[in-house]
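A quick write-up on the structure given underneath.
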Amino acid sequence: MQVQDATGQEMAQKLGLPWRPDLMRGTDQASADYQRAIGNAYLREGIDKTGSTLGGLMYYHGGPNRRYWGPKTRAYAAEVLRRIR
């Protein structure tokens, strides 16, 4: 899962984890676990704030400001939902 550095740092703080940019860029198992924890927390925050999986996916892709949820963000969310169903 990928998030921008500022988002990753914020989510690490919310999770009580140290901010580890090296793990956000790494490819080993420890990095994957760290990235997954950060990304899952951000996706969960989006689902909680929007009240739906679709909204959570748009939050994850486009950020918390709905004004930035353009066609690419909507297409991303729709494609992810299509793949998991």
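- Here the straight-line distance linking atom CH2 of W19 with atom CD of E10 works out to 11.0 Å at 0.5 Å rounding.
- Atom OH of Y42 sits about 11.0 Å away from atom CE of M1, to the nearest 0.5 Å.
- A donor-acceptor pair under 3.5 Å links the side-chain atoms of W69 to the main chain of G63, judged by distance alone.
- Atom CD of Q4 is surrounded by 12 or fewer heavy atoms from other residues, nucleotides or ligands within 6.0 Å.
- Here the shortest heavy-atom pairing between S31 and G26 reads OG-CA, 3.3 Å.
- With a 6.0 Å radius and a threshold of 12 heavy atoms from other residues, nucleotides or ligands, K14 has its NZ atom above the threshold.
- Of the N and O atoms on the side chains of Q29 and D33, at least one donor lies less than 3.5 Å from an acceptor on the other residue.
- When the side chains of ILVMFWY residues are joined at heavy-atom separations under 4.5 Å, either directly or via intervening members, L54 and Y68 end up in two distinct hydrophobic clusters.
- Rounding to the nearest 0.5 Å places CE of M58 at 11.0 Å from OG1 of T53.
- Looking only at distances, no side-chain donor or acceptor of Q35 sits under 3.5 Å from a matching main-chain atom of Q2.
- Here the CZ-NZ distance, from R66 to K49, works out to 10.5 Å after rounding to the nearest 0.5 Å.
- Of the inter-residue distances, the one linking L17 atom CG with Q9 atom CD reads 12.5 Å to the nearest 0.5 angstrom.
- Between R25 and D5 there is a side-chain heavy-atom pair separated by less than 4.5 Å.
- Nearest heavy-atom pair, R20 versus Y34, reported as atom, atom and distance to 0.1 Å: N-OH, 2.9 Å.
- To the nearest 0.5 Å, the span separating CG on L57 from OG1 on T73 amounts to 10.5 Å.
- For the pair V3 and M11, the minimum side-chain heavy-atom distance is 4.5 Å or more.
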